[in-house]
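Just so you know, ligand 1 is whichever comes first in the structure, and atom 1 is the first atom listed for that ligand.
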Amino acid sequence: MTPQTKKIVLLPGDGIGPEIVRVAVRVLQDCAAEFGHRFEFAEYLFGGCAIDAAGAPLPEETLAACRAADAILLGAVGGSRWDALPVGRRPESGLLALRKELDLYINLRPIELRASLQSLSPLRPERAKDVHIDIIRELAGDIYFGEHRTEGTGSAERATDQAAYTTGEIERISHYAFRRAEARTGRLASVDKANVLATSQLWRRTVTRLAAAYPRVRLEHLYVDNAAMQLVLAPAQFDVILTSNLFGDILSDLGAALVGSIGLIPSMSCGPGPSLYEPIHGSAPSLAGKDVACPVGQILSASMMLRESFGLAREAEWIESAVDRLFSRGIRTADIAGPGATTVGCSEFGERLHAEMLGALDHRQSV
Ligand code: IPM
Ligand code: MG
């Protein structure tokens, strides 16, 4: 693989965001040094800290830098400090605006129970076996982006959130999901609420129509309430799950709980331009500044970036295998500690990972 030069925009954001992004950047620097790549990092204000410093959660300068990047690595946004702000002016609105502006309509959230963390699943061992689900969440439409309105007063005060999908929006995310299922075991579960919602009826009709073009994929449809139950009762039945924005938000947290901790799950968001990588958890204000957060979701987001945006599979593998070896030796952050583990903080996990990665190279060179 020839050395690559890449511009990576960093959006550490709020809460634990800056701590975990720092660890992931170190890992990327190790990769660059070891494999001869040149990663140029540029950090920008985003989320609550951007509201405080620049008056808006997604400043123009930040958006322009994201558009010009090869990839974006995001920590997390939000915190109680900005909780009183209305919908539309909160840190989270910056995240939604970024997704919309870059047209990041594909969101991939891999839910994998790592062998070394099997005992952490809240499920009985026979149910927790073989969980490796790709949740594909539509990310640029649905109730997230419809009009949000509050009117009236007193007991007549009324709030409305509008949900909408066009056929085209459903088609483009479905094509991605069918192709992903084709490349895996060929099972695709589309999740909706077509017994109640018009958007879901359009969703189901559209996905069903497209299935004809993918004869190797076995498509099934589930209502979201049933899907939540099935994920807990028999998660191994799922391979690729395709769902809308709101249902994907909810089911991906459920999936994260099944595999040990929400701190472990990375994500990729793609559209026509640069892709964005972020852990699926929030800014965890109660952990911020204490150096106890789990940086693994962020680290795996960085390795996903190497693999998916830059085609650097060997580098991604180098990182992921080192994470697994630390886990097997019981090196864990507090959220995934478990009996007999050595509990370390966020930055110490980063230090140990750095040593483990370089140690693996020494080992390779000496054999
Ligand atoms: C996620 C988060 C966001 C979402 C929040 C922070 C707006 O929960 O990425 O899952 O709801 O999409
Ligand atoms: Mg969420």
Side-chain angles (χ1 to χ4, degrees), residues 11-18 20-21 46-51 56-58 62 66 72-83 85-111 133-146 148 161-163 165 169 173 191 224 227-228 231 241-259 261-271 275-288 293-294 296-298 300-301 304-305 335:
L11 306 176
D14 311 313
I16 60 170
I20 57 178
V21 166
F46 183 61
C49 61
I51 296 178
L58 175 60
T62 301
C66 289
I72 305 154
L73 188 67
L74 165 65
V77 295
S80 51
R81 193 175 151 69
W82 305 281
D83 272 354
L85 291 172
V87 170
R89 291 190 19 229
R90 303 166 58 93
E92 291 84 351
S93 5
L95 181 57
L96 301 190
L98 183 61
R99 290 172 178 172
K100 196 70 180 175
E101 288 290 336
L102 298 183
D103 199 13
L104 301 171
Y105 66 94
I106 298 165
N107 182 230
L108 175 64
R109 302 186 161 191
I111 304 292
I133 305 166
D134 271 354
I135 296 187
I136 296 172
R137 168 186 178 192
E138 198 290 329
L139 202 65
D142 202 3
I143 199 160
Y144 273 67
F145 293 99
H148 308 290
D161 298 287
Q162 191 188 44
Y165 266 123
E169 286 172 327
I173 187 70
V191 173
V224 63
L231 271 168
I241 291 179
L242 163 65
T243 193
S244 55
N245 202 345
L246 181 63
F247 298 158
D249 178 46
I250 298 165
L251 293 181
S252 56
D253 271 28
L254 192 159
L258 298 182
V259 298
S261 167
I262 196 166
L264 300 170
I265 311 294
S267 84
M268 165 175 83
S269 305
C270 320
S275 298
L276 178 147
Y277 297 84
E278 56 171 321
I280 75 163
H281 60 70
S283 61
S286 65
L287 306 182
C294 176
V296 173
Q298 189 77 61
L300 297 179
S301 297
M304 212 175 173
M305 175 173 85
D335 57 323

If you compare R109, E92, R90 by their heavy atoms, the one closest to atom 6 (C) of ligand 1 turns out to be E92
Can a donor-acceptor pair be found, under 3.5 Å and without considering hydrogens, that links the side chain of S301 to the backbone of Y277? no
dist L104:CG -> E138:CD (nearest 0.5 Å) comes out at 10.5 Å
Separation between CG (L95) and CD (E278), nearest 0.5 Å, reads 5.5 Å
Atom 11 (O) of ligand 1: closest protein heavy atom, distance to 0.1 Å, is Y144 OH, 2.6 Å
Heavy atom of E278, distance to ligand 1 below 4.0 Å:
no
Of I173, I241, T243, the one forming a side chain to side chain contact (heavy atoms under 4.5 Å, CB included) with I136 is I173
Taken to the nearest 0.5 Å, the spacing of I111 CD1 from D134 CG works out to 9.0 Å
Output for pair (R109 CZ, M304 CE), nearest 0.5 Å, gives 10.0 Å
CG of L287 to CG of D335, rounded to nearest 0.5 Å, is 8.5 Å
Within 4.0 Å of some non-hydrogen atom of R99, the atoms of ligand 1 are 1 (C), 4 (C), 9 (O), 12 (O)
Sorted by chain and number, protein N/O/S atoms nearer to the Mg ion (ligand 2) than 2.8 Å are D249 OD1
So CD1 of I143 and CG of D161: to nearest 0.5 Å the spacing works out to 5.0 Å
Nearest non-hydrogen protein atom to atom 10 (O) of ligand 1, with distance, is D249 OD1, 2.9 Å
For G248, does its backbone N or O pair with a side-chain atom of S252 as donor and acceptor, under 3.5 Å? yes
So for R137 against ligand 1, with non-hydrogen atoms under 4.0 Å, the contacting part is side chain
